[in-house]
Structures are given as structure tokens and as C-alpha cells.
Amino acid sequence: QVQVLESGGGLVQAGGSLILSCAASVRTARAYDMGWFRQVPGKEREFVATNTWSGSTTYYADSVKGRFTISRDGTKNTVYLQMNSLKPEETAVYYCAAGNGDYSVRSRLHYNYWGQGTQVTVSS
């Protein structure tokens, strides 16, 4: 069982920046892709970014390309999401996930383990 814990959410003004962190509980998390999703009430949880288990490949949603950066530390069980130029419409609960399923890394189904989420609020 892999436990995933997010931190770093909060309130920021439009155009500002935040860094989210996600730690996986076990060293075997090195074998998992780790990604970020976000969700607002009444909407589907949407893909934001992923870093593959090797740390060598990253994927982003088109809406965040050029503004968000996902990275992984050398131990490969902590992943970060640097978010710049935040927009009010990006207010959501951000979830970290770890997984190695058969589905696309952009799909929720790829991920086996999820954190509780951290709130990000962008004020206008």
C-alpha cells in the first residue's frame, strides 16, 4: 500500500505562484508514475501533469503548459508542482496520485493511489 500526502496549497492572487509537494510513503513508489489532478465541485477530476517513474518524461495538460512545472526529487518518491501565473479559474482541490496501470498517464484510471487533496484558491 502506498500512501500519498500533498502539501502546499493555499490562497494566492491571480498571476501569483504556488508550489505543491507530494510525498509517497514507501520507497517502492520509485516504480510509480506520479501525477497531479484537480477538481472543482460538480466537475470531473482533470489531469494536470505527470512525471513518469524514471523521472525522465513529463506530461502536461495543454491549459498549464508553459506555466506549471512538475519535477521529482532524486529519491523518486516526492514530486513537486510549481504553478506560475495562476488564474482564478484554476481554483480547485489539487490531488496527487501514484500509479502504474495500463491506461494513459492522463487518465485517472492509471493511478492506484490518491492523496486527500489540497485546496488552491486563486483570487481575482
Side-chain angles (χ1 to χ4, degrees):
Q1 183 78 11
V2 176
Q3 291 183 320
V4 178
L5 182 64
E6 308 98 336
S7 61
L11 175 64
V12 64
Q13 288 189 332
S17 299
L18 276 177
I19 301 175
L20 304 182
S21 299
C22 173
S25 61
V26 295
R27 291 168 65 184
T28 51
R30 295 176 184 178
Y32 290 88
D33 301 328
M34 293 184 72
W36 291 93
F37 285 71
R38 62 190 180 191
Q39 188 171 23
V40 297
K43 291 193 175 181
E44 298 253 332
R45 192 169 295 187
E46 67 169 355
F47 170 75
V48 176
T50 275
N51 186 289
T52 59
W53 69 270
S54 66
S56 63
T57 306
T58 57
Y59 299 86
Y60 295 96
D62 288 344
S63 60
V64 307
K65 277 182 185 175
R67 298 185 298 116
F68 289 15
T69 302
I70 189 170
S71 60
R72 202 158 182 171
D73 73 5
T75 66
K76 294 186 170 58
N77 65 345
T78 301
V79 67
Y80 304 94
L81 185 68
Q82 170 74 51
M83 304 186 293
N84 298 327
S85 302
L86 282 159
K87 304 173 182 179
E89 56 265 35
E90 294 180 308
T91 294
V93 177
Y94 283 69
Y95 294 90
C96 182
N100 56 5
D102 293 333
Y103 296 88
S104 163
V105 295
R106 298 175 185 270
S107 169
R108 292 176 296 163
L109 299 176
H110 179 77
Y111 300 90
N112 312 92
Y113 305 102
W114 292 84
Q116 293 298 306
T118 185
Q119 177 71 45
V120 171
T121 302
V122 186
S123 63
S124 56

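Each residue takes its place number in the sequence, starting with 1.
When all heavy atoms of Tyr103 and His110 are compared, the closest pair comes out as O-ND1, 2.8 Å. Between Thr52 and Asp33, the shortest heavy-atom distance links the atoms CA-OD1, 3.2 Å.
Panel note: side chain Gln82, backbone Phe68; no donor-acceptor pair is recorded below 3.5 Å. Tyr32 contributes no side-chain N or O that, together with a main-chain N or O of Tyr113, makes up a donor-acceptor pair within less than 3.5 Å.
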Step by step, would you call Ile19 with Leu81 a side chain to side chain contact (heavy atoms under 4.5 Å, CB included)?
CA-CA 6 Å; Ile19 301 175; Leu81 185 68; over 6 Å; no
Should Cys22 and Thr78 be marked as a side chain to side chain contact (heavy atoms under 4.5 Å, CB included) after you check the CA-CA gap, both sets of side-chain angles, and the distance that decides it?
CA-CA 5 Å; Cys22 173; Thr78 301; 5.9 Å; no
Given Val93 and Thr118, is the side chain to side chain contact (heavy atoms under 4.5 Å, CB included) satisfied, shown in steps?
CA-CA 5 Å; Val93 177; Thr118 185; 6.0 Å; no
Go through the steps to decide whether Ile70 and Tyr59 satisfy the test side chain to side chain contact (heavy atoms under 4.5 Å, CB included), and finish with yes or no.
CA-CA 9 Å; Ile70 189 170; Tyr59 299 86; over 6 Å; no
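Met83 has its side chain within reach of Val120: a pair of non-hydrogen atoms, C-beta onward, lies under 4.5 Å apart. In this structure, the side chains of Trp114 and Phe37 come closer than 4.5 Å at one or more pairs of heavy atoms. Trp53 places none of its side-chain heavy atoms less than 4.5 Å from the side chain of Met34. Ser123 is not listed as a side-chain neighbour of Val12, based on a closest heavy-atom distance of 4.5 Å or more.
For Tyr60 and Phe47, the ring centers are positioned 6.0 Å apart or more.
Hydrophobic clustering, defined by side-chain heavy atoms of Ile, Leu, Val, Met, Phe, Trp and Tyr closer than 4.5 Å, leaves Val40 isolated from every other such residue.
Under the 4.5 Å side-chain heavy-atom criterion for grouping Ile, Leu, Val, Met, Phe, Trp and Tyr, Val105 is not connected to Val79 through any hydrophobic cluster. Criterion: ILVMFWY side-chain heavy atoms under 4.5 Å apart, direct or through other members. Under it, Leu20 and Val48 are part of a common hydrophobic cluster.
Screening residues 102-112 for salt bridge (Lys or Arg N to Asp or Glu O under 4.0 Å), with sequence neighbours left out, gives Glu44-Arg108. Listed by first and then second residue, the salt bridge (Lys or Arg N to Asp or Glu O under 4.0 Å) pairs that reach into residues 109-119 come to none, sequence neighbours excluded. Applying the salt bridge (Lys or Arg N to Asp or Glu O under 4.0 Å) rule to pairs touching residues 7-17 yields nothing, sequence neighbours excluded.
Judged as a side-chain contact (heavy atoms from CB on, under 4.5 Å), and not counting sequence neighbours, the contacts of Thr121 are Leu11, Thr91, Gln119. Every residue meeting the side-chain contact (heavy atoms from CB on, under 4.5 Å) condition with Ser71, not counting sequence neighbours, appears here in chain and number order: Tyr80. Taking Glu46 as the reference, Arg38 meet the side-chain contact (heavy atoms from CB on, under 4.5 Å) condition, with sequence neighbours excluded. Residues passing the salt bridge (Lys or Arg N to Asp or Glu O under 4.0 Å) test with Lys65 are Asp62, sequence neighbours excluded. In this structure, the side-chain contact (heavy atoms from CB on, under 4.5 Å) partners of Gln39, at least two apart in sequence or on a different chain, are Arg45, Tyr95. Annotation: side-chain hydrogen bond (donor to acceptor under 3.5 Å, both in side chains) contacts of Ser17 (sequence neighbours excluded): Asn84. Tyr94 pairs by the ring-ring contact (aromatic ring centres under 6.0 Å, His included) definition with nothing, not counting sequence neighbours.
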